[in-house]
Amino acid sequence: MPVALLVLAFLAGAAVSLGTSYVLVTRLERIGGRLGMSEALLGMVAALAADAPEITAAVTALATHQQKVGAGVIIGSNVFNLAALLGLGAVVAGSIAMHRRVVLLGGVVGIWIAVACLVTVLGWLAPAAGLIAVLAVLLPYLFVLAAGHARLQRMAVTRRWEAWLADAVAEEEQELEEVIHPRHGRGRDVAVAAAALVVVVAASVTMERAASLLGTRFAVPEIVTGGVVLAAVTSLPNAVAAVYLAAKGRGAAMLSTTLNSNALNVTAGLLIPATITGLGPPSPHSELIAVWYLVMTVASLGFAYRDSGVRRATGALIIGAYLVFLGSLLATAHSAFPDPRLTVIPLVVVAVGAGVGLARRPPRNGRHEGAPR
């Protein structure tokens, strides 16, 4: 197929997939509102719908035995989400205030999933075992979100944990209710959502196939096609939404959106299809992306918890870390055995820098837990 047609197919697939995913998000939110879902669970549903392009692209790549592209799309998208949603959102807003309970509740799940992703990519766990490890934490988390504040207060749990979980969910819903105002869905919303899902899947498959063929044509490494190009393109709607909400002073929901999106990416876009098709032998480049995903997740959550939010300086640090990651990946993408000086040293520098930043005394005007936003 001519290069011009491949480029056109890629651009058209990306535009249709990303545009239709917005329709899918809004319709699923309406359906969820009609079913009485809590704001926190609606946020998870919205994240799943917004992730449809990258999940579909990753599944398509894994199904065609392009493991580097598939793993790269998902894990690369997660790293990009941290930089674009939390980092850029904080830079635009100046600071994003968050409740510490929300950071801790979502952070425990987010770090667990990042660790499970890493050990699976390293080959220490089979994809099926990695999936079980993720579901062991993700399913209880979804149950807590679905239960909502009122139901959690009535649960027969120890008083301390009952109160803590109920408050954490209430605070997360308080942050999400600023950005989620679904109308009650009707029968036509179900039909529109189903049609939108079909369009998103078809367009995303077209986008992934065109990108892979273009990468092959121009000798672009698979890890760059997946971990950089497709990862960034499929995550653009989330990035645009983050900047818009941050500019409007509604950036507090970005942490939940980021963590939920990353959790669903790993589960639905990587581990479930990999359980069926396999991940292939461990790849140094996939391992590199997975390590960066874990380090940036831990560092971002560490600052968010310490400062009860994400400040502009922290946002700039997250963006800077992503640029270092990008440089490291591009510098080593053509090598089957990357030079440790181009992989380990940049990672250590960022990790040490984040550790030093976290060890410093937090700003005096930081918002404490439970403080009004």
Side-chain angles (χ1 to χ4, degrees), residues 51 54-82 108-139 208 212 215 220-231 262-299 325-326 328-348 350-351:
D51 288 344
E54 51 256 56
I55 290 174
T56 303
V59 170
T60 303
L62 290 172
T64 54
H65 305 291
Q66 293 179 301
Q67 281 81 6
K68 287 185 180 180
V69 175
V73 172
I74 291 301
I75 310 174
S77 292
N78 287 4
V79 179
F80 183 85
N81 282 342
L82 291 168
V108 168
V109 177
I111 292 174
W112 177 274
I113 291 176
V115 171
C117 176
L118 175 60
V119 297
T120 302
V121 170
L122 289 172
W124 297 353
L125 279 181
L131 178 60
I132 292 172
V134 166
L135 292 178
V137 171
L138 185 60
L139 291 179
E208 190 280 331
S212 295
V220 177
E222 287 187 349
I223 197 65
V224 174
T225 300
V228 179
V229 179
L230 287 172
N262 287 358
L264 293 170
N265 273 346
V266 171
T267 306
L270 182 65
L271 295 180
I272 291 178
T275 299
I276 301 172
T277 66
L279 269 179
S283 160
H285 301 101
S286 298
E287 294 169 357
L288 175 65
I289 299 179
V291 172
W292 274 96
Y293 166 38
L294 175 60
V295 169
M296 287 185 62
T297 298
V298 172
F325 151 75
L326 201 60
S328 177
L329 183 63
L330 293 175
T332 60
H334 288 277
S335 174
F337 302 97
D339 187 340
R341 291 174 298 179
L342 298 176
T343 56
V344 177
I345 292 178
L347 184 63
V348 170
V350 170

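In what follows, every heavy atom counts, from backbone to side chain, and hydrogens, waters and symmetry copies are set aside. Note that the coordinates shown come from a computational prediction; the quantities given were computed from them, not determined experimentally.
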Got a second to check how far [X]'s [atom1] is from [Y]'s [atom2], nearest 0.5 Å?
X: Leu138; Y: Leu131; atom1: CG; atom2: CG; result: 9.5 Å
X: Leu122; Y: Ser283; atom1: CG; atom2: OG; result: 11.0 Å
X: Glu208; Y: Thr225; atom1: CD; atom2: OG1; result: 9.0 Å
X: Leu326; Y: Ile289; atom1: CG; atom2: CD1; result: 9.5 Å
X: Ser212; Y: Lys68; atom1: OG; atom2: NZ; result: 13.0 Å

Specify the closest pair of heavy atoms between [X] and [Y], including all atoms of both residues, with the distance to one decimal.
X: Glu54; Y: Ile74; value: O-CD1, 3.9 Å
X: Val266; Y: Cys117; value: CG1-CB, 4.1 Å
X: Ile55; Y: Leu264; value: CD1-O, 4.1 Å
X: Pro338; Y: His285; value: CG-NE2, 3.7 Å
X: Ala116; Y: Gly130; value: CB-O, 4.4 Å
X: Ile223; Y: Gly72; value: CD1-CA, 4.2 Å

Looking at [Y], is its backbone amide N or carbonyl O close enough to the side chain of [X] to form a donor-acceptor pair, meaning the two atoms are under 3.5 Å apart?
X: Trp112; Y: Ala133; result: yes
X: His65; Y: Thr277; result: no
X: His334; Y: Pro221; result: no

4.5 Å side-chain heavy-atom contact, [X] and [Y]:
X: Val69; Y: Thr60; result: no
X: Thr332; Y: Asp339; result: no
X: Pro127; Y: Thr275; result: yes
X: Asn265; Y: Leu270; result: no
X: Phe325; Y: Val350; result: no
X: Leu62; Y: Ile276; result: no

Qualifying residue, where the test is side chain to side chain contact (heavy atoms under 4.5 Å, CB included) with Tyr293 and the options are Asn81, Leu288, Ile113 | Ile113
